[in-house]
Amino acid sequence: MRRIHVMAAVIKNPQGQILIAKRPDNAHQGGLWEFPGGKLESGESRFAALRRELQEELGIETLKARPLIDIRHDYTDKSVRLDVWLVEEFSGNAHGAEGQPTRWVRSAELEQFEFPAANQPIVAAAQLPEHYLITPDCDEQTMVRGLDQARAKGITLVQLRQTNLDPQEYDALAQRLTQHYGSDFKWLLKGDTPPALSNCGWHLTSAQLRRFWQVQSSTQGCSLQKPFNGFLAASCHSEEELGMAAALGADFVTLSPVQATRSHPGAEPLGWEQTERLITEANLPVYLLGGLQQAQCAQAFNIGAQGIAGISAFWPSDN
């Protein structure tokens with residue numbers, strides 16, 4: 001079955017709202033909401049196709065855009081590639097130029113709308129930032145000072161990683177920090193069991209990911225269940241683990257190591273070419289990890305990554 005290449009856009013206005021449009025009832029997946037866009041024509045560049053489609057559908061001129069996520073999805077009647085870009089600057093008044101209903105919504109409201117199955121990873125990518133901070137082992141005072149500085153720089157997604165604490169100490173620290181910072185951060189917690197704190201996600205190690213996969217595959221066959229009802233992330237190092245994370249319903253993953261790191265000197269780096277190939281097969285938001293700095297975000301975007309994760313890339317150097 002030929003795969004149709006579709007350019008789509010997550011369009012943000014200055015208030016941070018996202019534009020969605022409703023598909024005509026007589027169209028494929030009719031009546032559902034979608035991110036605007038259309039087919040890539042023969043001979044067109046990806047950016048040129050995106051600009052043309054948004055001009056035709058919404059009456060806007062795209063001024064600044066970058067790749068966000070690239071999805072391959074097979075319906076029963078067609079196969080599509082959704083080549084999704086983030087549009088942060090445009091001119092004109094966005095409206096349904098072809099008569100389609102449109103709506104500006106906050107990212108948190110996207111869950112209230114029904115999208116085609118292929119759009120679900122796009123919903124996740126639209127809600128995620130480009131940076132994912134992993135905290136270093138440190139005392140609580142240093143932790144708070146570092147998080148204050150990270151917050152001031154716009155960091156909003158944080159994994160609380162503290163390998164020097166036992167589970168009870170870790171849980172107590174997590175409770176104090178989440179209460180202190182309120183909604184300033186979206187937290188991902190570690191541990192052998194799902195977090196008890198509301199509004200906190202769970203980040204699985206690759207060993208945990210494999211364990212859930214093996215248990216469910218042996219007992220449930222192809223009908224796998226998400227091991228946690230909340231926000232779920234997983235650490236991946238291979239194509240096999242990326243497939244496991246997607247099958248178990250992870251909202252995003254980290255992929256590492258892209259480059260050599262001092263923290264894991266024995267790990268073979270994937271390199272950028274192999275990393276790009278793995279992202280292409282992932283079908284969910286991917287943060288790159290391992291020897292990377294903020295300046296390499298653009299390179300990560302260009303190969304389809306959500307952004308960069310790390311400790312040293314985002315943790316204040318004076319801590």
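Put simply, the side chain of Lys78 reaches to within 4.5 Å of the side chain of Ile4, judged on heavy atoms. With contacts defined as side-chain heavy-atom distances shorter than 4.5 Å, the pair Leu289/Ile308 does not qualify. Two residues are said to be in side-chain contact when any heavy atoms from C-beta on lie closer than 4.5 Å; Leu68 and Gln306 meet this criterion. Within the 4.5 Å cutoff, side-chain heavy atoms of Val253 are placed close to those of Leu284. Annotation: side chain of Lys22 is not in contact with side chain of Gln100 (no heavy-atom distance under 4.5 Å). The side-chain heavy atoms of Leu197 and Trp187, taken from C-beta on, include no pair separated by under 4.5 Å. Looking at Ile69 and Ile71, their side chains come closer than 4.5 Å, going by heavy atoms from C-beta outward. Within the 4.5 Å cutoff, side-chain heavy atoms of Glu34 are placed close to those of Asn119.
For CG of Asn164, the number of neighbouring non-hydrogen atoms (other residues, nucleotides, ligands) closer than 6.0 Å is greater than 12. Residue Lys153 places its NZ atom among more than 12 non-hydrogen atoms of other residues, nucleotides or ligands, all under 6.0 Å distant. Within 6.0 Å of CG on Asn302 lie more than 12 heavy atoms contributed by other residues, nucleotides or ligands. More than 12 heavy atoms of other residues, nucleotides or ligands shown are found within 6.0 angstrom of CG on Asp166.
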After noting the C-alpha distance and the side-chain angles of Ser91 and Leu63, does the key distance pass the side-chain contact (heavy atoms from CB on, under 4.5 Å) rule?
CA-CA 7 Å; Ser91 62; Leu63 303 177; 4.2 Å; yes
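Transitive grouping of hydrophobic side chains (ILVMFWY, heavy atoms separated by less than 4.5 Å) keeps Leu157 and Ile311 in distinct clusters. A continuous path of ILVMFWY side-chain contacts below 4.5 Å connects Phe314 to Val286, so both sit in one hydrophobic cluster.
For the side chain to side chain contact (heavy atoms under 4.5 Å, CB included) with Leu133, the qualifying choice from Leu147, Leu188, Thr156 is Leu147, the only one to do so.
Taking 4.0 Å as the cut-off between side-chain N and carboxylate O, Asp148 and Arg145 do not count as a salt-bridged pair. In this structure, Arg72 does not pair ionically with Glu281, as no charged nitrogen and carboxylate oxygen lie closer than 4.0 Å.
We find the CG-OG1 distance between Leu189 and Thr178 to be 7.5 Å, quoted to the nearest 0.5 Å.
Applying the ring pair (Phe, Tyr, Trp, His ring centres under 6.0 Å) definition to pairs two or more places apart or across chains, those involving residues 136-181 are Tyr181-Phe185. Residue pairs meeting the side chain to side chain donor-acceptor pair (under 3.5 Å) criterion with at least one member in residues 239-249, sequence neighbours excluded: Arg210-Glu240, Arg210-Glu241, Glu239-Arg277. The stretch residues 119-139 participates, sequence neighbours left out, in these salt bridge (charged side-chain N to carboxylate O under 4.0 Å, His left out) pairs: Arg66-Glu130. Pairs engaging residues 280-303 under the ring pair (Phe, Tyr, Trp, His ring centres under 6.0 Å) rule: Tyr132-Tyr287, Phe252-Tyr287 [sequence neighbours left out].
Residues Met7, Leu19, Leu40, Phe47, Leu50, Leu54, Leu58, Ile60, Trp85, Val87, Phe90, Trp104 make up the rest of the hydrophobic cluster containing Ile11, defined by ILVMFWY side-chain heavy atoms closer than 4.5 Å, directly or through other members.
Side-chain contact annotation: Gln259 with Gln296, donor-acceptor N/O pair under 3.5 Å present.
Scanning both residues, Asp83 and His5, for their nearest heavy atoms gives OD2-NE2, 3.0 Å.
Glu109 places no side-chain N or O within donor-acceptor distance of the main-chain N or O of Ser107, the cut-off being under 3.5 Å. No donor-acceptor distance shorter than 3.5 angstrom exists from the side chain of Glu276 to the backbone of Glu273, with no hydrogens or angles considered.
For the side-chain hydrogen bond (donor to acceptor under 3.5 Å, both in side chains) test, residues two or more places apart in sequence or in another chain that qualify with Asp251 are Lys226.
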